[in-house]
Amino acid sequence: MQLATEYIRGELRPFYPAAEIEPLMRLIFAHLRGYGWHELLINMDKSLSADERLQVAAIVSRLQQYEPVQYVLGATEFYGLPFRITPDVLIPRPETEELVDWLLHSPLPENVSVLDACTGSGCIAVAIAKQRPAFTVAGCDISDAALAIARENATKNATNVTFFNMDILKPAITPHYDVIISNPPYLTTDDKALMPENVLNFEPHQALFTPSNEPLQFYRALADMGMTTLSAGGCMFLEINELYGAECVALLRTAGYASVELRPDINGKPRMIRAVAHAPVQASLS
Ligand SMILES: C[S@@+](CC[C@H](N)C(=O)[O-])C[C@H]1O[C@@H](n2cnc3c(N)ncnc32)[C@H](O)[C@@H]1O
């Protein structure tokens, strides 16, 4: 009987480079059997049950359409935590983990309130709540379908996060927050030509593109919202398009933010900003 590994390699070879097939195979086996890395090495070449063979065939057929593996398996990891993922939510990216890391390593008081604006799968909000149980964490999004997944992810990770529907472009009056963090939509139709097909064909366009087709639309809205919603000394953490770092910094300074800091990601691209809202009243960020 043909081994599962041979079958998967053979089916995916015409579609993916060999270097991508091995990690895909590991994810498939981890999904099917809950294997960790070590068990995988020992057991990967065992044959599959009839039911597992059917599951593998279905997975392989979706991968052959270039559907992202996170949607095929309905799962991913973010900041070391498991997340359920469906086509209603953006697949969390490693750059966003870096933004979360910046917040977690910033000198904030012990019990701040945090809003994750444009929360999607809830990955940012849930990761922060898990790492800082004393924080009060909320997440908002315009998509009810995304909010349902975010709520599932909060439960899955035993965290306490409040999720609510809000259009960031027409914000209702919100309570004060000490911190706003956001990875909003920032792409325009001009970016489409450079985007991989699997992103364009499978990820939700509402999560990727701005409705006005203007790259800074959400940053303007978030900057204004922060100036009315953030407590004195509170701060904003934003993931940005690497092409608009200077523009985002200028926009935040013009809106009245102090200490606007642009930071590169692990690949050296300017991908995130921390900005402090007006006069700090307590020792936090300068
Ligand atoms: C780039 S995704 C980020 C998702 C998640 N925070 C992450 O980093 O993986 C942007 C999110 O913004 C939401 N969104 C789009 N337009 C919005 C609006 N006007 N108000 C609030 N959320 C919006 C989308 O539904 C999507 O979940």
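Start at 1 and go down the list; that is how both ligands and their atoms are numbered. Because the structure is a prediction, the values reported are computed rather than measured.
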Does Asp265 use its side chain to pair, donor to acceptor, with the backbone of Asn267 at less than 3.5 Å? yes
Any N or O on Cys123 sitting closer than 3.5 Å to an N or O of ligand 1? no
Pick from Val114, Val179, Val161: which one makes a side chain to side chain contact (heavy atoms under 4.5 Å, CB included) with Phe135? Val114
Need the ligand 1 atom indices (1-based, order shown) with element for anything under 4.0 Å from a heavy-atom of Gln206. 15 (C), 24 (C)
Criterion salt bridge (charged side-chain N to carboxylate O under 4.0 Å, His left out) against Arg93, the qualifying member of Glu239, Glu203, Glu98: Glu203
Closest to atom 14 (N) of ligand 1 (heavy atoms only, candidates Ile142, Ile168, Leu147) is Ile142
Return yes or no for this condition: an N or O of Asp141 is under 3.5 Å from an N or O of ligand 1. yes
Under a 4.0 Å heavy-atom limit, does Leu208 contact ligand 1 with its side chain, its backbone, both, or neither? neither
Between Asn213 and Thr189, is there a side-chain donor-acceptor contact under 3.5 Å, judged purely by atom types and distance? yes
Leu90-ligand 1 polar pair, N/O distance under 3.5 Å: no
Below 4.0 Å from ligand 1: does a non-hydrogen atom of Ala146 turn up there or not? no
Option with minimal heavy-atom separation from atom 10 (C) of ligand 1, where the choices are Leu187, Asn183, Thr119, Asp116: Asn183
I'd like to know whether CG of Asn160 has more than 12 heavy-atom contacts from other residues, nucleotides or ligands below 6.0 angstrom. no
Among all protein heavy atoms, pick the one closest to atom 6 (N) of ligand 1 and tell me residue, atom and distance. Cys118 O, 2.9 Å
Numbering the atoms of ligand 1 from 1, which are under 4.0 Å from a heavy atom of Asp167? 18 (C), 19 (N), 20 (N)
For Phe218 and ligand 1, answer yes if some heavy atom of the residue is under 4.0 Å from a ligand atom, otherwise no. yes
Using atom types as modelled and distance alone, determine if a side-chain donor or acceptor of Glu242 lies under 3.5 Å from a backbone N or O of Lys269. no
Measuring from non-hydrogen atoms of Met166 to any atom of ligand 1, is the shortest distance under 4.0 Å? yes
Is there a path from Val89 to Ile142 through hydrophobic residues (I, L, V, M, F, W, Y) whose side chains come within less than 4.5 Å of each other? no
Can you tell me if Ser121 contacts ligand 1 (heavy atom of the residue under 4.0 Å from the ligand)? no
From CA spacing to verdict: side-chain hydrogen bond (donor to acceptor under 3.5 Å, both in side chains), Ser231, Asp178: CA-CA 5 Å; Ser231 47; Asp178 301 308; 2.6 Å; yes
For ligand 1, which part of Thr96 has a heavy atom less than 4.0 Å away: the side chain, the backbone, both, or neither? side chain
Hey, is Arg132 close enough to Glu110 for a salt bridge, meaning N to O under 4.0 Å? no
Considering only the protein, which heavy-atom contact is closest to atom 1 (C) of ligand 1, and what is its distance? Ala207 O, 3.0 Å
Backbone of Thr188 reached by a side-chain donor or acceptor of Asp191 within 3.5 Å: yes
